[in-house]
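Reading through the structure tokens given below for one structure.
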Amino acid sequence: MRHYATELPMMTAVEQKKILLEVNDVSVAFQQRQVLHDVSLQIEAGEVVTIIGPNGAGKTTLVRVALGLLKPTSGTVRLDSTLKIGYLPQRFTVEPTLPIDVRRFLQLTGVRDLERLQSVLDEVGAGKLLDASLQGLSGGETQRVLLARALLRDPELLVLDEPAQGVDLHGQVDFFALIEKLRVRRGCSVLMISHDLHLVMAATDRVVCLNNHICCTGNPEVVTRNPAFIELFGEEATKALAIYTHDRDHRH
Amino acid sequence: MLDDFFLRALLGGILVAVVAAPFGVFVVWRRLAYFGDTLAHSALLGVALGYLLHLNLTAGVIVVCLLVACLLFFFQRQRTLAGDTVLGILSHSFLAVGLVVIAFFETVRIDLMGYLFGDILAVGRGDLVWMAVCGSISLVLLLLIWRPLLLISIHEDLARVEGVPVDLIKLSFVCLLALLVAVMMKIVGLILVTSLFVIPAATARKLVRTPETMALMAALFGVLAVGSGLIGSYQWDTPAGPSIVLSGAALFVVIYLLPVKRGA
């Protein structure tokens, strides 16, 4: 930690940060419904960006556009095809007739060395799952296995589409703590979606508050004081968040 | 005691079973079980066009089957309709077009039944060579796309994000499948081909834990079905193709009744 604390700011002061991904003035309409309206987003190397917004705000759509999985109705996306991305989709269900265990699933990345597979599973806290069937995993286990798979590819950017959905609160806290730990250790960027601010705010460099258009964006403290944010999420949520961030300041 | 035609049938059946197995597992995983039937209905148009344009009939069937494969691919890409619905639309439309085209030259009688139901007992030496060559090429090509196709079958978006050329791989797979069905259908009959794609793979599912062993087990069950079906048909003088399908189905029932824990 100390090493990063002294080295990183100097480095960033000198070097121009590399832009990994760029979405410019993107609009998406499904039939008549406008889901995204003139949205722009940039992800820089080493940055953690969290997209928050209510249901139907277009969070998943924005991520799918950014990843090239969905063609926008208008606007452009710049994504280096050599950029290594680790993607944790919102839903991951595998056809039940397809027999596959975690080992084989991880090996599909091209890494066959069992020791490496085991060590990456240990790294994400899923050390016991090497021989488990992919369909038999719980929600939390599935995320960890997907994360392990993403890490095997040495990603420069991790994209998490509400990966902790359906996992209990305790599990979610653990999972985001793990993401934060991995990010520091590996130095990759993270783009994640969350509708629970409390969990991800403290580990986020920049929040993008989305409600079909970008309401506000900035670092967590600034955004939570923005009237557009308060209007979208209500006083209650914002207060609860303040207590939480206060709490974090006092952790040792 | 065994005649030449019987040995040729056995060899032909084993060839089909072995080639069909690794394709069959993907057919099951990707829910394309009715692709074969759709191709069969379309084959009528292929035969008709072959007559009309004075082409080799097998060539006509192959061209139409490839066309169906491409249409299936493009419809699936729209993501507005489920695969089985697309197959239903293609299947009946092509059958209708085929019937209409045939009505234009009523003097020609087409042995459509021969195309659809073939006769494994009539397999000749040339057919065997043709099947072996086509089968080997298809298998090699399938092996080349095995890993990306497997990843696509597990999670298509994940594959796309990881840089797998998803569209190219999917199109290659349906075209290979169409080609294989078109070639084999003429020789051993459609029922035998489509059933050897689906039934052995479904039988193998219960006993395996990895995709590759499922393909190998499917090949084994396919060969068993061919062997026992042909011996049964020889013994009791029953039609060969249906006997093979029946023994495949019997194997499926036996394996599913066995008290073995599902291999996963």
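What you see is a predicted model; the values in this text were computed from it and never measured. Letters A, B, ... mirror the listed sequences (proteins, then strands); counts begin at 1.
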Which residues pass the ring pair (Phe, Tyr, Trp, His ring centres under 6.0 Å) test with B:Phe173, not counting sequence neighbours? B:Phe26
Relative to chain A, which segment of B:Arg30 carries a heavy atom at a distance below 4.5 Å: side chain, backbone, both, or neither? neither
For each of A:Leu146, A:Leu108, A:Leu98, tally heavy-atom pairs with chain B at distances under 4.5 Å, and name the one with the top tally. A:Leu98
Please answer whether the main-chain N or O of A:Leu157 pairs with a side-chain N or O of A:Lys84 as donor and acceptor at a distance below 3.5 Å. no
Between A:Thr217 and A:Val207 (side chain of the first, backbone of the second, donor and acceptor by atom type, cut-off under 3.5 Å), is there such a pair? yes
Do [X] and [Y] pair up side chain to side chain, a donor and an acceptor below 3.5 Å, judged on atom types alone?
X        : Y        : answer
B:His41  : B:Ser91  : yes
A:Thr50  : A:Thr204 : yes
A:Asp161 : A:Thr60  : yes

Using non-hydrogen atoms only, which part of [X] is less than 4.5 Å away from chain B: side chain, backbone, both, or neither?
X        : result
A:Thr82  : neither
A:Phe92  : both
A:Arg103 : neither

Sub-4.5 Å heavy-atom contacts with chain A: which residues of residues 151-169 of chain B show up? B:Leu151, B:Ser153, B:Ile154, B:His155, B:Asp157, B:Leu158, B:Arg160, B:Val161, B:Glu162
Is there a side-chain contact between A:Thr109 and A:Arg149 in this structure, where contact means two heavy atoms from C-beta onward sitting under 4.5 Å apart? yes
Could you check A:Val49, A:Val159, A:Leu79 and say which one makes a side chain to side chain contact (heavy atoms under 4.5 Å, CB included) with A:Ile43? A:Val49
